[in-house]
Amino acid sequence: MSSEAPSPLAAFQRHSTMVVAPELRFDYWRSLHPSIALDLPQGRHAGDYRASLINASSTEGTVLGWCTNDDTSAHFAQDNSDFVLVSLTLAGEARLQQADGQRHRVTSQSGLVVLDSLQPLSSLAMQHSMLYLMIPRDQVHAKAPGALTLAESSPFSLPDNAMTRLLTTHLLGVIKEQEALAGEDLACALDTARDMSLVALAQLKGPLSLEWEATQRQSLLKAACRYIELHAGEPRLDVACIAHALGCSRAGLYRAFAAHPESVAETLRRTRLEQARARLKTRQPPSIDQLSYHCGYLNAASFTRAFKRQYGASPQDWHREWCERQLLL
């Protein structure tokens with residue numbers, strides 16, 4: 001095993017069939033999915049095929065993507081496919097048919113659907129848009145063998161519970177913030193999505209072990225910290241709001257932060273003040289009223305008190321000292 005840290009990811013990759021000649025569009029779309037055999041349904045022509053894909057992969061093989069495409073037939077169980085797919089349909093539908101003739105209809109009401117790429121399966125995606133997470137099959141086998149056994153027999157929907165709601169929120173959040181995520185932030189987002197998925201899959205076979213409970217709490221902690229970073233400017237953001245957004249209870253959120261150096265409230269306060277300090281690092285910063293508003297404080301007085309407790313100086317004094325330091329550089 002290498003002792004070197006994996007190289008950080010650059011950013012999400014973006015693909016569209018509209019960037020190539022009409023006669024090459026479907027072949028281009030096929031080239032983006034080497035582990036799935038794709039075909040056009042009868043009556044469709046490659047020249048008017050429209051599809052787009054946004055995806056990113058981690059150093060450990062996890063792939064997160066968002067694809068939207070015209071009607072497309074797909075056939076799984078290819079020689080080079082070795083992953084478990086966790087998907088969330090956003091629009092349209094996918095009609096699945098197993099080798100034994102069983103049929104499944106997947107829509108936005110189906111929730112998170114799990115599929116084993118080694119299971120012989122055909123699908124017809126109709127005006128389909130979905131988020132998906134591809135996890136290497138060996139990782140699922142190591143952490144959630146019972147779920148893999150279920151997926152080997154038939155695709156299935158994950159139950160609606162705190163962890164699956166948290167996973168759904170995280171996947172949607174990552175795609176929403178795709179342009180802001182790169183490098184270590186993106187790697188963390190992908191690892192969190194994988195860990196949440198593995199926890200959700202492991203839960204299918206009864207209570208989690210102590211090791212998995214720790215993994216679940218860590219996944220929730222990462223998701224909460226990321227949510228706070230994105231929403232710290234909302235004045236009414238509090239523990240209840242964060243727990244509701246992540247699909248967990250307040251008690252569950254408190255437990256996730258129990259081993260963290262800061263409480264939920266302390267993390268929120270620090271994040272707001274760090275964002276305020278970052279806004280002060282300019283020759284012409286916003287006014288104190290504007291700064292307090294954008295950083296989630298209801299009035300300038302409470303913001304100024306909190307800032308001074310954190311950094312030992314008022315925002316105005318801190319900015320003046322920062323400007324003086326810049327002149328010495």
Heavy-atom check, side chain of [X] versus side chain of [Y], under 4.5 Å:
| X | Y | answer |
| --- | --- | --- |
| Phe257 | Leu220 | no |
| Val140 | Phe83 | no |
| Met134 | Thr62 | no |
| Glu60 | Gln139 | yes |
| Arg305 | Arg309 | yes |
| Leu88 | Leu90 | yes |
| Leu158 | Leu201 | yes |
| Ser197 | Ile135 | yes |

Is it the case that the side chain of [X] and the backbone of [Y] share a donor-acceptor pair, with hydrogens and angles ignored and the cut-off at 3.5 Å?
| X | Y | value |
| --- | --- | --- |
| Glu177 | Val174 | no |
| Thr17 | Ala51 | yes |
| Asp82 | Arg137 | no |
| Ser57 | Gly61 | no |
| Gln275 | Glu229 | yes |
| His231 | Ile242 | no |
| Thr107 | Gln109 | yes |

Single-linkage hydrophobic cluster [X]~[Y], side-chain heavy atoms < 4.5 angstrom:
| X | Y | result |
| --- | --- | --- |
| Leu24 | Val19 | yes |
| Ile36 | Leu124 | no |
| Leu115 | Leu38 | yes |
| Leu230 | Leu237 | no |
| Leu172 | Leu166 | yes |

Roughly how far, to the nearest 0.5 Å, is the [atom2] atom of [Y] from the [atom1] atom of [X]?
| X | Y | atom1 | atom2 | value |
| --- | --- | --- | --- | --- |
| Leu190 | Asp195 | CG | CG | 11.0 Å |
| Arg105 | Glu93 | CZ | CD | 4.0 Å |
| Leu96 | Phe76 | CG | CZ | 7.5 Å |
| Arg277 | Phe307 | CZ | CZ | 7.5 Å |
| Asn55 | Leu133 | CG | CG | 11.5 Å |
| Leu171 | Lys176 | CG | NZ | 14.5 Å |

Would you say the side chains of [X] and [Y] form a donor-acceptor pair under 3.5 Å?
| X | Y | result |
| --- | --- | --- |
| Gln178 | Arg14 | yes |
| Ser249 | Tyr254 | no |
| Thr89 | His128 | yes |
| Gln98 | Ser154 | yes |
| Gln316 | His319 | no |
| Asn299 | Ser302 | yes |

Give me the atom names and distance for the closest heavy-atom approach of [X] to [Y].
| X | Y | value |
| --- | --- | --- |
| Val239 | Leu253 | O-CD2, 3.8 Å |
| Asn161 | Met163 | OD1-N, 3.1 Å |
| Pro155 | His104 | CD-NE2, 3.9 Å |
| Trp66 | Ser129 | NE1-OG, 3.1 Å |
| Ala300 | Asp289 | CB-OD1, 3.3 Å |
| Phe303 | Ser292 | CB-CB, 3.5 Å |

Checking Thr72 against Asn69 for the side chain to side chain donor-acceptor pair (under 3.5 Å) test, could you report, in this order, the C-alpha distance in whole Å, the side-chain angles of both residues, the deciding distance, and whether it holds? CA-CA 7 Å; Thr72 310; Asn69 53 268; 3.2 Å; yes
Between Tyr293 and Tyr297, does the ring centre distance come in under 6.0 Å?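 Between Tyr293 and Tyr297, the centre distance exceeds or equals 6.0 Å.
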Hey, are [X] and [Y] close enough for a salt bridge, meaning a charged N less than 4.0 Å from a carboxylate O?
| X | Y | value |
| --- | --- | --- |
| Asp39 | Arg30 | yes |
| Glu274 | Arg272 | no |
| Arg269 | Glu262 | no |

Side chain to side chain contact (heavy atoms under 4.5 Å, CB included) between Trp29 and Leu53, intermediate numbers included: CA-CA 9 Å; Trp29 190 244; Leu53 171 66; 3.8 Å; yes
Measure from NZ or CZ of Arg325 to the centre of the six-membered ring of Trp318, then state whether that distance is under 6.0 Å and the direction lies within 45° of the axis.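 Here Arg325 passes the 6.0 Å and 45° test against Trp318.
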Just do the side chain to side chain contact (heavy atoms under 4.5 Å, CB included) check on Leu273 and Tyr311 with the steps written out, would you? CA-CA 9 Å; Leu273 294 173; Tyr311 299 116; 4.0 Å; yes
What do the steps show when you test Arg165 against Asp160 for side chain to side chain contact (heavy atoms under 4.5 Å, CB included), and what is the final call? CA-CA 7 Å; Arg165 289 192 295 271; Asp160 179 22; 3.1 Å; yes
What's the verdict on side chain to side chain contact (heavy atoms under 4.5 Å, CB included) for Lys222 and Cys188, showing C-alpha distance, side-chain angles and the deciding distance? CA-CA 8 Å; Lys222 290 179 181 179; Cys188 179; 4.2 Å; yes
CD/Glu23: more than 12 non-hydrogen atoms of other groups inside 6.0 Å: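 Above 12, so yes.
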For Arg283, is the CZ atom crowded, meaning more than 12 foreign heavy atoms sit under 6.0 Å from it?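 Buried by this count: over 12 neighbours within 6.0 Å.
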